[in-house]
Each structure stands twice: as structure tokens, then as C-alpha cells.
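A short worksheet on the structure shown next.
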Amino acid sequence: MKSVVLSLFACLLMTSTVQAQQNKHRLDIQLNKNILQPGDSLIVKVDYKDSSGRIINQSLATLELTIENEQGLRTQLRWPMINGQASGALYLPDSLARGKYTLLAGLQQRFFEVRGKIQDAKNIGSIQAMLLTKTGDWADQEVPVSQNGTFSINNWLFEDNALMAFSDAGNTKQPLNIRISTLLDSTYKPLAVAGKVFYLGKPSSAMRLSLDQPVKAAEASFAGPGIELQAVVVTGTTKSPAQQFDEEYVSGLFQSGNERLISIMDDPHALGFSDIFTFLQGRIAGLQIAPGGFYGGTARWRGSPVTFFINEMRVSAQDVANIPVSDIAIVKAYPPPFLGAPGSGGGLAIYTRRGGEVNYLPANRQVFKVRGYTPSATTLDMDKLNM
């Protein structure tokens, strides 16, 4: 069974001593710099420290981040805090508004946990739980169910959103009526809060001085209503598999709107080609591809070199040539100037196939969409949750 989903069976609860001394503890936010330009990456590191400045070596918790700009737009992120530390990198695209941004951090004592209840449960001692991530990886486990139908799951760590599906472990045809909620999406009182500001663009002299001033973060900034997750129905649409894949897995700069989408998953003839460069020859107007050679292949668009990506990570042409065509889902070609390519050249993005959710979902399923943790490296988008 393929799975890179991390299973964590460590202790998930803080000690009562931490609760009693929480007023003596603080969050220390460190930024790589507080004045940045579009295209930069903001590196955020947060430590949970005691009154003497030492990092508190606790087990697992969750760091909630809220970022707000001067126009009042807000976005939220969350990273796992392990051994008192959490960190990540936020890429700042050119689409972000220039100006001051306020970053607020709140430490939630809880880690990822799902609590659920089977309505009208009758002689169900356990259920099978399956987690399907956006990267196509999956994991499952058998979860005990109490006599009153309640159960909990608290040992999965994953990034971004995922689907969680349940079925009767006894392989019966009994339908399941399940309700679940995740603790990370519920109201909580933070153990500690802190704030920092950074500026995107060229600040005035007065603004430069204000960037180093302390930021007051209120605990109420992180309080929110509890959320009971509703089941979702996984169905097909009139969109092609390639279009659905594009909407689900392509993000940030790679959604330029000017690209050419080539589906491999919809074209059975593609499997007859030795590599993706050979397949793409002559299929995209303006893109000149020469397969083979020492570097695996070359590509130019309007005289400019083409930059290669695999799952939105920059790679060499040799890396692209080495991918079996059967492992590729779609290819996206970006004519110059493409913002993701140095020198404003063109871009060629390869996306590998993910595990098909429909193929993995168990019979008699009850399916929910759950929020995991923000990827440790992600693009800052003020128009939506970065999860």
C-alpha cells in the first residue's frame, strides 16, 4: 500500500503544568526580513518559549496564523508545532497588493483529531477509516466504536485538504449515518499569541520605523465557532478528467489562464511514446522540442529557453525525460513571458498522476472533506485559506 501520510502515535496532549504556567509562556516570531519585494519568500519561524527564553520541549500542538493586509483582506494558515517549534516559507507573488501586512500567531494546544458519532449504531464495534490526500496518497486504519456510537481519530498528519471516508469494518451492507467534527476547526483559547508586521514594496521612512514596533495580538483573534463537517458526495461532472485534475491540483502562478493544457490521461496513444518530449513534438504551436541528447531533451519558445517543472517544482530536462509517460496526468505549456520562469521565458509543467479517489473509496461510504495543515512552503494568497 502506497502511503507517505505520516502516522503519529506520540503523546498528543500537553501536561497540566503547561496549562498552569501558560501566562508565563510566549511565542517568539522570527522573519527572515520585514521588507520584501514581489517574488521574495517570507520565511517564518515561531518558537514557544518560557519566561527565561528557553524553547519549551512539548510534544505536538498547532500554530494558527492570520495574515491581514491594509485593504482588510485576511487569510489563515496553520502549521504543526513539534517540540516547541514551527516554521514555513510563504512565496509572495506579484499579484499581492503592496503595503503593510500584519501577521498574528496563536498556539492551539490541540493537534489534528477527528471526533465522530454513528447515529443509531447497532452492534458496530469498529469502522474502517480511510484518508485520501490531494497528492494521491492514502492510508487507512480500523477505528474502535464505543457502545454509544462515538469514536475518535488522532494520529494522522497531512498537508492541505483531504477526503476522509468511513465504512463498516465488518463488511456488512449496513448504511452508516455518521457526523464528524475536527478539533482544529473548533473554538479554543490560545496558550500564547504574538504578532509581527512586514511590508511588501518600498515603504516610506516613517513606515520603516513602525515595522519594528511590537504588535499586540488579542486572544479573541483566534476564537471561532465550532464546525460540524457535512458529508460530501463525490460525483462526476461534465468536465473532462484533465480539467478536473487541473482545477484540483494546479495552484498559484501555474494558473495563468494563458497556458496550453495537454491531457495524457485522456489519450491512450500517449503511452506508446518513449518519453514526454517525443510525445509533445509538433503538438504546441510555437514550442520547439528536441528530444534525446545528453540532457534528455531541450525546448525553446520564440527563441527563449523553456523552464521545466514537475508538480510545480523546478527540475532539469533530464528529470522530465526520465518520467514514464504512463505516470503523467497532464502537461501545461506556458508561452513567454511566464512569471515562473527566469528571464521571462516559457514554461513546461508536468503533473504526475494521483490516486483516484473513486477507485479507493470503500463501499457504503460516508465521505467528508477535512482540512489538514498548510504546506510548509506555499504561495500566499489573500483571497482564500492557504490550506
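Since the structure is predicted, the reported quantities are computational estimates derived from the model, not experimental observations.
Residues Ile153 and Ala129 share a closest heavy-atom pair of CD1-CB, 3.7 Å. Residues Phe151 and Val143 share a closest heavy-atom pair of CB-CG1, 3.9 Å. Listed here is the closest heavy atom pair of Phe198 and Leu211: C-CD2, 4.4 Å.
Among the candidates Phe111, Phe112, Trp156, Trp79, the single residue satisfying the ring pair (Phe, Tyr, Trp, His ring centres under 6.0 Å) test with Tyr373 is Phe111. Screening Ile284, Val331, Leu348 for a side-chain contact (heavy atoms from CB on, under 4.5 Å) involving Arg260 leaves a single residue, Ile284.
Side-chain contact check for Thr374 versus Leu65: every heavy-atom pair is 4.5 Å or farther apart. Two residues are said to be in side-chain contact when any heavy atoms from C-beta on lie closer than 4.5 Å; Pro38 and Leu200 meet this criterion. The closest side-chain heavy-atom distance from Glu64 to Gln76 is not below 4.5 Å. Within the 4.5 Å cutoff, no side-chain heavy atoms of Gln128 are placed close to those of Asp168. Counting only heavy atoms from C-beta outward, the side chains of Ile323 and Ile328 approach each other to under 4.5 Å. Taking the side chain as every heavy atom from C-beta outward, Glu159 and Ser376 approach each other to under 4.5 Å. Considering only heavy atoms from C-beta on, Val320 comes within 4.5 Å of Phe277 through its side chain. Looking at heavy atoms from C-beta onward, Tyr48 lies in side-chain contact with Leu27 at the 4.5 angstrom threshold.
Remark: side-chain polar atoms of Arg98 are paired, donor with acceptor, to backbone N or O of Leu96 under 3.5 angstrom. Between the Asp327 side chain and the Pro324 main chain, no donor and acceptor come within less than 3.5 Å of each other. Between the Asn32 side chain and the Ile43 main chain, a donor and an acceptor come within less than 3.5 Å of each other. Between the side chain of Lys196 and the backbone N or O of Leu31 there is no donor-acceptor pair closer than 3.5 Å. Not one N or O on the side chain of Asp47 forms a donor-acceptor pair closer than 3.5 Å with the backbone of Lys49. Between the side chain of Arg353 and the backbone N or O of Ser326, at least one donor-acceptor pair lies under 3.5 Å. Within the 3.5 Å criterion, the main-chain N or O of Thr352 finds a donor-acceptor partner in the side chain of Asn311. Side-chain atoms of Asp246 never come within 3.5 Å of backbone atoms of Ala242 as a donor-acceptor pair (strictly under, hydrogens ignored). At least one donor-acceptor pair under 3.5 Å links the side chain of Glu312 to the backbone N or O of Ser251. At least one donor-acceptor pair closer than 3.5 Å links the side chain of Arg78 to the backbone N or O of Arg371.
Between the OH atom in Tyr101 and the CG atom in Leu42 there is a gap of 11.0 Å [rounded to 0.5 Å]. Atom CG of Leu90 is separated from atom OG of Ser41 by 8.0 Å, given to the nearest 0.5 angstrom. With rounding to the nearest 0.5 Å, the separation of CZ in Arg302 from CG in Leu287 is 10.5 Å. Taken to the nearest 0.5 Å, the CD1 atom of Ile67 stands 11.0 Å off from the CG atom of Asp381. For the atom pair Leu131 CG and Asp140 CG, the distance stands at 10.0 Å (nearest 0.5 Å). Atom CG of Leu36 sits about 12.0 Å away from atom OH of Tyr199, to the nearest 0.5 Å.
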Please report the C-alpha distance between Val306 and Phe338 in whole Å, then the side-chain angles of each, then the deciding distance to 0.1 Å, and finally whether the side chain to side chain contact (heavy atoms under 4.5 Å, CB included) criterion is met. CA-CA 9 Å; Val306 172; Phe338 174 50; over 6 Å; no
Start with the C-alpha gap between Ile178 and Gln119, add the side-chain angles, then the distance that decides, and say whether side chain to side chain contact (heavy atoms under 4.5 Å, CB included) holds. CA-CA 6 Å; Ile178 295 177; Gln119 308 296 320; over 6 Å; no
Using the side chain to side chain contact (heavy atoms under 4.5 Å, CB included) rule, take Ile124 and Leu176 through it: C-alpha gap first, then chi angles, then the decisive distance, then the call. CA-CA 10 Å; Ile124 298 180; Leu176 298 178; 3.7 Å; yes
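By the neighbour-count criterion of 12 heavy atoms within 6.0 Å, atom CD of Gln288 is sparsely surrounded, having that number or fewer from other residues, nucleotides or ligands. A 6.0 Å sphere centred on CZ of Arg314 holds no more than 12 heavy atoms belonging to other residues, nucleotides or ligands.
No single ILVMFWY cluster, assembled from side-chain heavy atoms under 4.5 Å apart, contains both Leu63 and Ile55.
For Phe309 and Tyr334, the gap between ring centers reaches or exceeds 6.0 Å.
Defined by atom type and a distance below 3.5 Å, a donor-acceptor pair is present between the side-chain atoms of Asn148 and Thr150.
Tyr249 and Phe245 have tilted rings, their planes meeting at an angle from 30° to 60° on a 0 to 90° scale.
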